[in-house]
Amino acid sequence: QEADILKKLNPLLLAYKEKSRGSTAEDAVLFITQMKENMEKQRKRLDAGGALPDAENRVYKSCIARLDDTIIHMKRSDGDEAAVMLPLDKYRNSLSELKKESGAVSAKLEALFAFAEKAFEDGNEMLTLLTRLTVGGASSRYIAAFGSETYNRLSESLMVSKRHEKIKAEILKLGLDEVTVTELF
C-alpha cells in the first residue's frame, strides 16, 4: 500500500515543488491545504459514484491523513523556511524507506528462486511456487510493482516447457512420432 500512496502523492508533490519555490511557509500551508481538500472532494465523488474500491479508498484516506499531518507540522514551524521543504522531505524519506524495504524483499525473492531452482529444477514444485506467487495477493502486487527478472524468466521457461509437453502429447495422440513431424517442416 505504501507504493500506492507514494504514487498518488507524487504528482501533487511535483506541483507543490514548482509552486513552493520562493514562497513563504504560510503560502505553502495554503497550497498543501488546497491539495488535501481537492483530494477529499475527489475521494468523496468517486465513493458516492460507487467507483472507489476499498483498497483505493484506503490509499486516498492515507494520503489525506499524511497531507493533514504535514499541514499540522508546517503550522507548528511558525513560518520557518524549512517548513516549506517539509512535504518534499517527508516524501523523500518515505520513498527511501520503500526502496530499502523493496530491496530487502527482492533479495529474499531471489534467494527463494535460487533455492527452488537448485532443489526442484523444472519440476512441478517450481510450477507450484510460481503459481502461488502469481495468485497470492501481496506477492503478485509486489512483482507487478517492482518486477522480478528471475520470476519472468522462470515463468516463461515453464510456459514454453508445458506447451512443448502438450504438443508432444498431441503428436502421440495423432499417432505420429516427432521425427515424422520434424520431416514435415
Side-chain angles (χ1 to χ4, degrees), residues 1-17 35 39 42-43 46-47 49-67 69-70 87-174 176-179 181-182 184-185:
Q1 186 179 359
E2 184 68 18
D4 294 333
I5 293 167
L6 294 175
K7 283 179 189 174
K8 178 108 19 226
L9 287 173
N10 188 49
L12 298 175
L13 291 172
L14 287 174
Y16 173 80
K17 183 179 178 180
M35 287 192 310
M39 186 171 275
Q42 185 179 22
R43 187 198 71 75
L46 290 169
D47 195 34
L52 191 62
D54 288 341
E56 184 69 12
N57 196 13
R58 284 190 299 272
V59 168
Y60 268 98
K61 287 180 178 181
S62 294
C63 289
I64 292 165
R66 285 186 188 195
L67 292 172
D69 181 54
T70 300
L88 299 173
D89 291 340
K90 284 183 154 206
Y91 177 77
R92 283 187 200 107
N93 290 339
S94 294
L95 191 57
S96 177
E97 284 299 313
L98 180 64
K99 284 180 181 179
K100 266 193 257 178
E101 288 174 23
S102 68
V105 172
S106 289
K108 289 177 183 177
L109 188 60
E110 291 304 313
L112 172 65
F113 286 136
F115 167 78
E117 282 184 288
K118 284 181 183 175
F120 309 127
E121 296 178 8
D122 290 335
N124 285 336
E125 295 87 354
M126 183 62 80
L127 181 61
T128 301
L129 171 64
L130 289 171
T131 301
R132 287 183 179 248
L133 289 171
T134 302
V135 299
S139 58
S140 64
R141 280 192 308 275
Y142 177 84
I143 291 169
F146 299 102
S148 169
E149 288 181 26
T150 308
Y151 170 85
N152 293 337
R153 177 180 52 79
L154 292 170
S155 290
E156 177 109 1
S157 172
L158 285 174
M159 280 190 275
V160 168
S161 175
K162 295 299 173 193
R163 180 73 180 134
H164 182 71
E165 288 174 20
K166 285 181 182 179
I167 291 170
K168 272 184 168 179
E170 288 294 318
I171 290 169
L172 292 174
K173 199 191 262 185
L174 293 170
L176 303 170
D177 60 31
E178 286 184 67
V179 176
V181 173
T182 305
L184 293 173
F185 296 99

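Along the sequence shown, residues carry numbers from 1. Model, not experiment: these values are computed from the prediction.
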Check against salt bridge (Lys or Arg N to Asp or Glu O under 4.0 Å), Arg92 and Asp89: CA-CA 5 Å; Arg92 283 187 200 107; Asp89 291 340; 3.1 Å; yes
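- With values rounded to the nearest 0.5 angstrom, Lys61 atom NZ is found 13.0 Å from Cys63 atom SG.
- Residue Pro53 comes nearest to Ala51 through the heavy atom pair CD-O, 3.5 Å, listed as atom of the first residue, atom of the second, then distance.
- Summarising the geometry, atom CZ belonging to Arg43 is positioned 11.0 Å from atom CE belonging to Met39; distances are rounded to the nearest 0.5 Å.
- Going from atom OG of Ser96 over to atom CD of Glu101 covers 10.0 Å, rounded to the nearest 0.5 Å.
- Using a 4.0 Å cut-off between charged side-chain N and carboxylate O, Arg153 and Glu156 make no salt bridge.
- Ring orientation note: the planes of Phe120 and Phe115 are nearly perpendicular, at an angle over 60° on the 30°/60° scale.
- Atom OG of Ser155 and atom CD1 of Ile143 lie 7.5 Å apart (nearest 0.5 Å).
- Distance check, rounded to the nearest 0.5 Å: CZ of Arg132 to OG of Ser140 gives 14.0 Å.
- Going from atom OG1 of Thr134 over to atom CG of Leu129 covers 9.0 Å, rounded to the nearest 0.5 Å.
- Remark: the Tyr142 side chain and the Ser102 side chain contain no N/O donor-acceptor pair separated by less than 3.5 Å.
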*Given the rule in the side chain to side chain contact (heavy atoms under 4.5 Å, CB included) test, do Asp47 and Tyr60 qualify, once you have shown the distances and angles that lead to the verdict?*
CA-CA 11 Å; Asp47 195 34; Tyr60 268 98; over 6 Å; no
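- By the 4.5 Å heavy-atom criterion applied to side chains, Asp69 and Arg66 are not counted as neighbours.
- Residues Leu130 and Phe113 form a side-chain contact, since some pair of their non-hydrogen atoms from C-beta on lies under 4.5 Å apart.
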Can you list, pair by pair, the side-chain donor-acceptor contacts under 3.5 Å of residues 4-11, counting residues two or more places apart and other chains?
from: Lys8; atom 1: NZ; to: Glu56; atom 2: OE2; distance (Å): 2.8
from: Asn10; atom 1: OD1; to: Tyr91; atom 2: OH; distance (Å): 2.9

